[in-house]
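Every chain is numbered from 1 and lettered A, B, ... according to where its sequence line falls, protein lines coming before strand lines. All of these numbers come straight from a predicted model, not from anything done at the bench.
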Amino acid sequence: MTSDLTKIYDHRTIEKELYEWWEKEGFFAPEKSKELGITNEKSERYCITIPLPNITGQLHSGHALVLSLEDLMTRYERMRQKETLYIPGTDHAGIATQNVVVRELLKQGINHKDLGREKFVEKVWEWKHKYHARITEQSKSMGISCDWSREYFTLDPSLSRAVREAFYRLYHKGLIYRGEYMVNWCPGRCVTAISDLETEAIDEQGHLWYIKYPIITKAWKGPQHPWASGKWAQGATDFIVVATTRPETLLGDSAVATVKSHPKYAKFIGKQAVIPAVGRSVPIIADQFVDPEFGTGALKITPAHDPNDFEIGKKHNLEFINIFNENAQILPGFVEAYSGLDRFECRKAILKDLETEGLITDIEPYVHAEPHCQRCHATIEPRVSIQWFVKTKPLAEPAMEKVRNGETVIIPERERRRFFQWMENIHDWCISRQLWWGHRIPVWYCDECCEEICPEPDVETVSTCPKCKGSSVHQDEDVLDTWFSSGLWPYSTLGWPNTDHPDYKRFYPTDTRETGYDILFFWVARELMMGIELTGKTPYHTVYLHGMIRDEKGRKISKSMENIDQYDPLIIIKDFGADSLRYVMISNSVPGLDTNYDPKNIDVAHKYCNKIWQASRYVLTNITSDEIVPKIDEIELDKLKFPDKWILSRLNSLIRDVQSYMDNYDYLRMTREIKSFFWSEFCDWYIEMSKIFLYDESYSDKHVQKAILLHVLETFYKLMHPVMPFITEKLWQTLPDNLKTTPTIMYAPWPIAQESFIDPTIEDSFLLMADFVREVRRVKHDFGIPLKTLVPLQIETETHRELFELCKNELVKIAFIDEDKFIIDKKIVPPPKSARIVLRGIPAFVPLAGMIDIEKEKTRINTSLEKAKKESIKIEKKLQSQFSERAPKELVDKERQNLEELKFKIEQLEDQLKIL
RNA sequence: GGGCCCGUGGUCUAGCUCGGUAUGACGUCCGCUUGACGUGCGGAAGGUCGUGCGUUCAAAUCGCGCCGGGCCCA
């Protein structure tokens with residue numbers, strides 16, 4: 001085996017090439033595992049669907065985490081010999097995409113409204129074709145093993161068909177309805193209704209204005225002078241004062257409400273108040289909703305522009321007066337001067353006029369939460385309009401049941417509580433959007449008899465009314481909320497509604513939904529609700545929620561940040577490789593918790609890659625091309641040396657631990673333990689000790705160590721492959737052919753711990769030996785003796801004699817001991833001018849005649865003596881307290897033993913001081 | 001208003017469910033090495049675990065209060 005590995009690890013030369021090869025060979029498709037004879041119909045299978053990115057999107061740090069985790073899960077399951085499918089795809093992202101294209105067109109001087117619906121949608125498709133490649137190429141650079149032959153887009157014909165099917169079924173079951181309700185209207189860039197979830201409340205520093213409404217009396221029948229003349233309310237004697245944060249909405253007031261118990265205003269109930277500016281007379285009503293403590297205890301009621309007033313309006317059968325157009329500008333017909341004004345301009349104008357009329361009695365600063373559009377940040381305008389809704393309560397209950405009974409598990413568990421809290425208080429879901437880009441609502445209206453027609457899902461267009469046979473019908477203008485189609489994702493990508501589709505039969509329900517906790521409600525909740533309703537099954541058994549990626553100080557990563565490049569996954573991949581990025585993402589990820597991404601971790605990861613590369617080079621350069629190294633199960637067990645047994649024990653312990661970490665989604669520990677094994681045990685100790693054998697001309701059983709080196713490497717590659725797919729594949733491919741049973745490491749069987757190799761005694765003995773090596777090195781260091789200068793060593797032990805005989809060779813070589821002067825005896829007379837070491841109750845001496853500086857040794861001994869004394873006092877105190885009576889016996893015994901060992905050490909060191 | 005998360009050496013971080021000597025990384029300092037390692041190895045310094053009280057033989061860990069940072073829902 002010749003190694004063609006470059007001297008330095010260079011991700012650039014391997015990642016792209018390998019990904020192309022994987023794709024070309026079709027390794028990502030589940031069919032491949034069958035073809036290779038790894039799986040069959042009876043095999044377990046694993047399926048995960050990608051959290052579909054927006055078609056307009058660019059790969060950002062959030063995606064990097066998503067893709068790292070999901071590909072980790074996928075590759076792991078694939079290596080566990082399951083038939084594995086990871087489905088990629090993209091989302092048409094209604095509002096987001098429409099906004100982007102509208103803006104782009106505007107740059108070209110084109111108004112999308114002039115273009116018309118059809119032409120505009122064509123433009124968006126052009127845009128889609130152009131940008132689709134960008135996000136998929138970027139995703140591929142992460143190394144994800146998606147089956148690209150099964151890539152979907154939410155507007156694909158098959159997925160649109162699924163959307164119509166879902167709509168049809170829910171509609172005819174009465175779970176989708178159309179009606180006039182108050183919705184969140186975004187009058188900013190989006191100009192559409194949006195769902196509750198798409199709004200966010202922001203505290204606004206506003207004001208509470210106290211406004212006087214005159215009351216009709218016998219003496220005053222209404223305003224006699226024009227608005228803003230200063231004499232509008234002249235002659236009025238009775239007033240009711242309301243407090244409001246939105247004075248401009250008074251144009252749409254249709255009542256004033258107070259409570260029956262109001263000391264001042266109760267007597268006005270039943271009378272008529274006159275709305276300023278418009279001069280309309282409205283009733284003064286009583287309603288429990290009014291909080292007598294708030295403001296003046298009287299409330300202006302604007303049923304068409306406030307959610308609470310909407311309810312009151314319905315209850316009292318009030319008039320719903322819409323005062324705004326779709327951009328929240330004042331409609332004509334109220335007050336000429338305000339017509340066409342933006343709501344905030346109107347507010348200013350109306351306040352000025354109210355002032356003129358002397359109708360403002362007070363102004364207080366007031367902080368209140370105002371809903372904003374999550375996407376364009378415009379202040380939401382509550383608006384009454386005809387929209388489509390999903391009735392969610394009947395859907396929520398079964399979804400909650402699946403989570404309650406564990407058919408779907410949410411990780412981390414605490415997110416369950418959030419899930420239930422939201423589901424229990426769920427509101428109906430507004431699914432219609434006043435956009436052009438998306439799935440058009442599959443409902444037609446007859447122009448003659450007004451019949452509402454929701455045809456069979458195979459019908460793509462309706463031309464005659466089934467009721468009156470009229471031929472003048474038109475389709476609903478609105479499109480569906482994007483989340484309606486993404487809510488079907490786990491099965492619309494598997495051929496649903498065709499339940500005989502082989503993919504559906506084989507892979508549904510899927511296994512995992514991996515996504516950020518921020519979209520638990522947007523997506524997961526709806527997938528569960530719709531999935532259970534439409535397929536009768538929960539769409540996946542595990543919901544794994546990860547946290548957000550933030551910068552190293554915990555701030556949100558945004559495009560406007562300084563040094564944004566260092567957080568840009570595309571740049572990171574280019575400079576350090578996807579393996580490094582994936583490693584940082586995975587090794588820092590704890591379920592449900594935010595991760596602070598520190599750019600310097602990427603260096604650490606990159607160095608790790610290089611270390612892996614270098615260790616591999618060492619092993620492979622020590623094996624010649626014509627050499628046949630036996631496999632691990634072919635070597636003679638009696639030829640195993642102490643370090644061999646140790647590393648095999650450690651390796652199998654590691655495999656066992658990794659398995660448990662994987663089972664518990666503890667990726668942080670998994671990566672940490674593997675790294676620590678690889679670097680601090682395999683490289684630092686085993687490889688170093690292997691040199692003793694490999695460089696020894698007279699040693700004839702080198703194949704044993706070579707076999708173990710290769711075995712450990714191969715196992716390590718496999719354990720790390722789900723995390724770092726590229727470097728592990730590259731290096732695995734360079735291993736001798738007899739070790740490989742599959743064409744790619746992707747299908748190599750996941751390691752299983754061989755308990756017979758695990759030997760805690762060997763592991764412990766090794767630690768003791770390593771401690772001795774360290775101590776001898778330290779002695780040399782303290783006396784300025786070069787590391788490689790051979791020194792004598794005398795160990796006084798009877799109980800551990802066997803162990804030291806066992807590792808004598810290695811100890812002598814690594815610690816640079818003079819082999820002829822290495823003595824193990826049950827009694828050692830402390831040699832003069834020597835350094836003394838005490839470890840675990842075993843004293844040892846390093847005679848250093850001619851090299852030792854007595855004063856230095858005194859200082860050295862004193863330092864460790866002090867430390868030992870301090871420690872022993874602490875333990876003594878503890879043992880004298882109630883600890884020894886009340887604590888468990890094992891603990892007390894352990895402390896006693898510790899104390900004894902320390903006392904022995906102190907004795908030894910004091911003795912050393914005496915004889916110096 | 002209700003709920004959730006977080007606060008650990010200079011920096012970031014593990015541990016908290018299940019109480020018993022606080023993990024790792026970066027950085028700093030000292031030394032060694034360069035025939036796998038654009039480096040690597042060895043060693044050192046550095047923490048009253050936000051704060052107060054309580055429970056306990058024993059608290060980073062459990063309970064209550066407070067302070068600070070963030071998030072979600074209303």
ask   = What class does the angle between the rings of A:H11 and A:H606 fall in, given that below 30° is parallel, 30 to 60° is tilted and above 60° is perpendicular?
value = perpendicular

request  = Under a 3.5 Å limit for both distances, which nucleotide forms a Watson-Crick or G-U wobble pair with B:A59, could you say?
outcome  = none

key: Rounded distance in Å - CG (A:L520) to P (B:C5)   = 15 Å

Euclidean distance, atom CZ of residue A:R777 to atom P of B:G42 [Å, nearest integer] = 7 Å

note = In 5'-to-3' order, the base (B), backbone-only (S) or no-contact (-) status of each nucleotide in nucleotides 27-38 of chain B, using a 4.0 angstrom heavy-atom cut-off, is ----S----BBB

request  = Check the distance between B:G42's P and A:E775's CD and give it to me in whole angstrom.
outcome  = 14 Å

key: Length of the line joining A:Q897:CD and B:U21:P, which is rounded to integer Å   = 16 Å

ask   = Taking atom C1' in both B:U55 and B:G19, what distance in whole Å separates the two?
value = 11 Å

task = Before giving the answer on side chain to side chain contact (heavy atoms under 4.5 Å, CB included), spell out for A:V66 and A:T515 the whole-Å C-alpha distance, their side-chain angles and the decisive distance to 0.1 Å.
result = CA-CA 7 Å; A:V66 165; A:T515 191; 5.7 Å; no

ask   = Roughly how far apart, to the nearest Å, are B:C49 and B:U23 at atom P?
value = 14 Å

inquiry  = Could you tell me how far B:G7 sits from B:G15 if I compare only their P atoms? Round to whole Å.
reply    = 9 Å

query = How many Å lie between CG on A:N425 and C1' on B:C73, as a whole number?
reply = 8 Å

key: A:R840 and A:D764 ion-paired at < 4.0 Å   = yes

inquiry  = Is the phosphate of B:G3 approached by A:R417 (side-chain N or O, under 4.0 Å from OP1 or OP2)?
reply    = no

task = Side chain of A:V604 only, please: which of B:G43, B:C26, B:C5 is the nearest?
result = B:C26

query = Expressed in whole Å, how much space separates the C1' atoms belonging to B:C64 and B:U13?
reply = 29 Å

message = If I take atom NZ in residue A:K780 and atom P in nucleotide B:G42, what distance separates them, rounded to the nearest angstrom?
response = 15 Å

query = Using atom P of each nucleotide, how far apart are B:U51 and B:G47 to the nearest Å?
reply = 14 Å

task = May I ask you to check whether A:Y608 and A:Y583 place their ring centres under 6.0 Å from each other?
result = yes

inquiry  = For the P atoms, the ones on B:A74 and on B:U56, what distance do you get once it is rounded to whole angstrom?
reply    = 43 Å

ask   = Mind checking who B:A44 pairs with, Watson-Crick or G-U wobble, both distances under 3.5 Å?
value = B:U28

task = Run the salt-bridge test on A:E900 and A:K905 with the 4.0 Å N-O cut-off and return the result as yes or no.
result = no

inquiry  = What is the distance, to the nearest angstrom, from the CG atom on A:L899 to the P atom on B:U21?
reply    = 16 Å

message = Below 30° counts as parallel, above 60° as perpendicular, anything between as tilted: where do the rings of A:F677 and A:F682 land?
response = parallel

task = Considering only atom P, compute the distance from B:C6 to B:U61 and round it to an integer number of Å.
result = 13 Å

query = When you match A:H427 and A:K867 each to their closest nucleotide on RNA chain B, which lands nearer the 5' end?
reply = A:K867

task = Between B:C12, B:A74, B:A44, spot the one nearest the side chain of A:N596, thanks.
result = B:C12

query = Between A:S881 and A:K878, which is nearer to the 5' end of RNA chain B once each is assigned its nearest nucleotide?
reply = A:K878

Candidates B:A44, B:C72, B:A25 - which lies nearest the side chain of A:F521 = B:C72

key: Rounded interatomic separation in angstrom, taking OH from A:Y608 and P from B:C26   = 13 Å

inquiry  = Nearest 0.5 Å, please: how far is CD1 in A:I572 from CD1 in A:I602?
reply    = 5.0 Å

inquiry  = Measuring only the C1' atom in each nucleotide, how far is B:U39 from B:C72? A whole number of Å is fine.
reply    = 48 Å

query = Of the nucleotides B:G20, B:G43, B:A14, which one has an atom closest to the side chain of A:R672?
reply = B:A14

task = Determine whether the aromatic ring centres of A:Y686 and A:W646 lie less than 6.0 Å apart.
result = no

task = Determine, step by step, whether A:K730 and A:E15 satisfy the salt bridge (charged side-chain N to carboxylate O under 4.0 Å, His left out) criterion, reporting the C-alpha distance in whole Å, the side-chain angles of both residues, the deciding distance to 0.1 Å, and the verdict.
result = CA-CA 9 Å; A:K730 178 69 185 177; A:E15 294 193 350; over 6 Å; no

